[in-house]
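First the structure, in the form of structure tokens, and then the observations on it.
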Amino acid sequence: MKLYDIIVIGSGIMGLAHAYHASNLGLRVLILEKNSRAAGSSVQNFGQVVPSGFGVEWQRIGRVSLEYYRKIQSEWDITARNNGSIYFATDPQEEQLLEELMSINRIENYSSVLLNKEECYAKYAGINMDHIRCGLFFPEEISLDSPIAIASLSAYLQIRRGVEMQFQTVVSNVESDTNQVLLTDHFGRTYQAQIVIICNGSEFKLLYPKYFENADLEMVKLQMMQVSDPGFKIGGNLLTGYSIRRYESFHECPSYMQIKKEENPDTFAKQFGIHLLFKQNLDGSIILGDSHEYAPPDRWEEIQAHVTQQCINQFMMDEANKYINIKQSQIIKTWIGIYSQVKDKGLINVEIEPNVHIACAIGGKGMTASLGFAKMNMDQIYSNL
């Protein structure tokens with residue numbers, strides 16, 4: 001039986017991020033994945049790396065991720081494009097929040113530029129100029145094509161970093177002591193490591209189910225869609241007034257609470273947590289969405305059902321056309337994404353047994369924050385050995 005320094009369970013972005021930083025430490029690394037390839041929220045998302053949407057603490061972690069994405073992209077193509085992000089304000093309240101966020105960014109030394117309507121149009125020729133007032137642009141932020149990016153990052157770790165990966169391997173048992181961890185898979189095969197990190201996404205039934213039953217978790221279902229190339233380029237990540245009124249970074253703005261109090265709580269957008277944003281893929285198609293429905297983990301099969309509500313898709317298309325002209329675009333596909341999150345918007349990060357760690361339930365922050373968080377987590381784990 002081969003001995004590894006670290007075994008990571010799960011090959012989503014959180015698992016890959018831990019494996020990446022382990023390889024930077026020169027460790028012998030094995031990733032075990034229960035499916036034939038990565039699935040779940042790591043390949044279902046927009047592919048926007050947007051620290052600008054986080055509160056200050058998580059923004060700092062996301063900015064570390066940006067550095068690592070750029071470093072990896074310089075060595076191996078993971079589809080990372082440094083085209084930046086922009087938030088479009090559509091009314092005076094949203095414009096005020098953009099101005100306040102820019103002031104916070106200045107204190108945090110995070111680059112952002114307020115563009116007037118004409119400057120927005122000059123930069124994003126596909127937008128509907130009549131609908132927006134201004135935009136706040138973040139030049140450091142990145143776009144990815146997530147399914148390709150995850151597969152490419154996996155290949156990079158194996159070919160360039162010597163990380164071993166084994167798919168279709170369900171870990172069914174964990175035994176640990178102060179010296180080693182022994183894993184057994186569903187075929188009865190065993191694996192030995194000094195450290196195990198479980199990055200299980202939203203899979204709570206296989207390992208330590210009793211722990212997850214008592215965790216303060218909720219499941220989130222999102223509807224998204226992909227439309228055909230509209231014939232123009234929209235550059236990087238485009239976020240709207242819905243994003244301004246929802247993202248955590250704006251919660252820290254002085255006017256945010258008063259503005260939220262003035263909103264109508266009974267709109268369709270509120271009912272389904274509509275949060276409208278766009279990203280253009282390398283092939284020119286555009287991903288847009290999304291909606292948010294919530295349930296506790298014991299109801300997750302119910303919200304996981306692979307059924308999209310047409311009324312939500314139609315609403316998002318109608319709203320999208322207020323920002324960019326995609327009326328003639330064809331819907332290529334629609335899908336749902338599922339992720340788990342801790343209700344306080346943090347994540348689960350715990351040593352469940354000696355040398356066995358769980359890192360999951362990061363919510364919608366995964367693609368942006370995982371590389372930065374994993375660096376912190378690995379430093380902490382190995383400083384305590």
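Fair warning: this is a prediction, and the values are worked out from it, not measured in the lab.
- Counting heavy-atom neighbours within 6.0 Å of Glu57 CD, excluding the residue itself, gives a total of 12 or less.
- Note: Ile150 CD1 to Leu144 CG = 8.0 Å, rounded to the nearest 0.5 Å.
- Nearest heavy atom pair, residue Leu153 against residue Ile78, reads N-CG2, 3.9 Å.
- By the 4.5 Å heavy-atom criterion applied to side chains, Asn321 and Ile326 are counted as neighbours.
- Exactly one residue among His292, Lys260, His251 makes a side chain to side chain contact (heavy atoms under 4.5 Å, CB included) with Arg246. That residue is His292.
- In this structure, Met367 CE and Ile142 CD1 are separated by 10.5 Å, a value rounded to the nearest 0.5 Å.
- Heavy atoms only, all atoms of each residue included: Val171 and Leu207 are closest at O-CD2, 3.5 Å.
- Using a 4.5 Å heavy-atom threshold, the side chains of Thr240 and Phe278 count as touching.
- The shortest non-hydrogen separation linking Leu114 to Glu119 is O-OE1, 4.1 Å.
- Judged by distance alone, with hydrogens and angles left aside, the side-chain atoms of Glu252 form no donor-acceptor pair with the main-chain N or O of Gly55 at under 3.5 Å.
- Side chains of Ser41 and Asn45: no donor on one and acceptor on the other come within 3.5 Å.
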Evaluate salt bridge (charged side-chain N to carboxylate O under 4.0 Å, His left out) for Asp185 paired with Lys34, printing each intermediate quantity in order. CA-CA 10 Å; Asp185 72 14; Lys34 68 183 179 69; over 6 Å; no
Take Ile31 and Leu16 through the side chain to side chain contact (heavy atoms under 4.5 Å, CB included) test and state the conclusion after the steps. CA-CA 8 Å; Ile31 299 175; Leu16 297 179; 3.9 Å; yes
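- The two residues Ser243 and His275 come nearest to each other via the heavy atoms OG-CE1, 3.1 Å.
- No donor-acceptor pair under 3.5 Å is formed between the side chain of Arg28 and the backbone N or O of Lys2.
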Full working for side chain to side chain contact (heavy atoms under 4.5 Å, CB included) between Leu277 and Asp290: CA-CA 7 Å; Leu277 53 161; Asp290 50 9; 4.1 Å; yes
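- Checked by atom type and distance alone, the side chain of Glu353 never pairs as donor or acceptor with a backbone atom of Asn355 at under 3.5 Å.
- A donor-acceptor pair is defined here as one N or O able to donate and one able to accept, closer than 3.5 Å; no such pair exists between the side chain of Ser172 and the backbone of Leu206.
- Here Glu67 does not pair with Arg70 in a salt bridge; the nearest charged N to carboxylate O distance is not below 4.0 Å.
- For the atom pair CG (Asn83) and CD1 (Ile86), the distance works out to 12.5 Å, reported to the nearest 0.5 Å.
- A donor-acceptor distance shorter than 3.5 angstrom exists from the side chain of Asn264 to the backbone of Asp266, with no hydrogens or angles considered.
- Between Leu282 and Thr79, some side-chain heavy-atom pair lies under the 4.5 Å cut-off.
- Between Tyr191 and Arg189, some side-chain heavy-atom pair lies under the 4.5 Å cut-off.
- With rounding to the nearest 0.5 Å, the separation of OG in Ser52 from OH in Tyr247 is 7.5 Å.
- Taking the six-membered ring where tryptophan is involved, the planes of Trp58 and Phe54 are perpendicular, since the angle between them exceeds 60° and thus also 30°.
- Looking at Lys365, its side chain does come within 3.5 Å of a backbone N or O of Ile362 through a donor-acceptor pair.
- By the 4.5 Å heavy-atom criterion applied to side chains, Ile61 and Met376 are counted as neighbours.
- Cation-pi geometry between Lys375 and Tyr68 is not satisfied (NZ or CZ under 6.0 Å from the ring centre, within 45° of the ring normal).
- Both Ile197 and Tyr382 sit in one connected hydrophobic cluster of ILVMFWY residues. Membership requires side-chain heavy atoms under 4.5 Å apart, directly or through other members.
- His131 and Phe88 have their aromatic ring centers separated by at least 6.0 angstrom.
- Leu97 and Tyr242 are not part of a single hydrophobic cluster, where members link through side-chain heavy atoms under 4.5 Å apart.
- Under a hydrophobic clustering in which Ile, Leu, Val, Met, Phe, Trp and Tyr are joined whenever their side-chain heavy atoms come within less than 4.5 Å, directly or via other members, Val350 and Val181 fall into the same cluster.
- In this structure, Ser329 and Ser228 approach most closely via the heavy-atom pair OG-O, 3.4 Å.
- Between the side chain of His21 and the backbone N or O of Leu371, at least one donor-acceptor pair lies under 3.5 Å.
- Between the side chains of Glu100 and Ser255, at least one donor N or O lies within less than 3.5 Å of an accepting N or O.
- Formation of a donor-acceptor pair under 3.5 Å by the Ser146 side chain with backbone atoms of Gly47 is found in this model.
- At most 12 non-hydrogen atoms from other residues, nucleotides or ligands lie less than 6.0 angstrom from CD of Gln330.
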Under the side-chain hydrogen bond (donor to acceptor under 3.5 Å, both in side chains) rule, what do Asp77 and Gln73 come out as? Steps first, then yes or no, please. CA-CA 5 Å; Asp77 185 7; Gln73 181 66 33; 3.0 Å; yes
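- Atom CD of residue Glu33 and atom CZ of residue Phe167 lie 6.5 Å apart, to the nearest 0.5 angstrom.
- In this structure a side-chain-to-backbone donor-acceptor pair under 3.5 Å is present from Lys279 to Phe46.
- Linking ILVMFWY side-chain heavy atoms closer than 4.5 Å, directly or via other members, places Phe268 and Leu276 in a single hydrophobic cluster.
- Taking 4.5 Å as the limit, every side-chain heavy atom of Val43 sits out of range of all side-chain heavy atoms of Arg37.
- Partner Asp318 forms a side chain to side chain contact (heavy atoms under 4.5 Å, CB included) with one of Lys322, Gln314, Met316 and no other, that one being Gln314.
- Using a 4.5 Å heavy-atom threshold, the side chains of Tyr124 and Ile132 count as separate.
- Around the CG atom of Asn109, the shell of radius 6.0 Å holds no more than 12 heavy atoms that belong to other residues, nucleotides or ligands.
- Annotation for Ile338 and Leu222: closest pair N-CD1, 4.5 Å, computed over non-hydrogen atoms.
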Is there a side chain to side chain contact (heavy atoms under 4.5 Å, CB included) between Gln44 and Tyr339 once you walk through the steps? CA-CA 10 Å; Gln44 295 165 343; Tyr339 65 71; over 6 Å; no
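- Gln223 and Ser291 are not linked by any side-chain donor-acceptor pair at a separation below 3.5 angstrom, with hydrogens and angles left out of the test.
- The distance between the ring centers of Phe250 and Tyr87 falls below 6.0 angstrom.
- Atom OH of Tyr208 is surrounded by more than 12 heavy atoms from other residues, nucleotides or ligands within 6.0 Å.
- For the pair Ser285 (side chain) and Asn281 (backbone), a donor-acceptor distance under 3.5 Å is absent.
- Rounding to the nearest 0.5 angstrom, the gap separating the CD atom in Glu94 from the CG atom in Leu101 is 13.0 Å.
- Annotation: side chain of His18 is not in contact with side chain of Ile6 (no heavy-atom distance under 4.5 Å).
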Please walk me through it: do Ser249 and Gln59 pass side-chain hydrogen bond (donor to acceptor under 3.5 Å, both in side chains)? CA-CA 8 Å; Ser249 56; Gln59 184 193 92; over 6 Å; no
Side chain to side chain contact (heavy atoms under 4.5 Å, CB included) assessment of Gln226 paired with Asp283: CA-CA 11 Å; Gln226 180 183 7; Asp283 64 4; 4.2 Å; yes
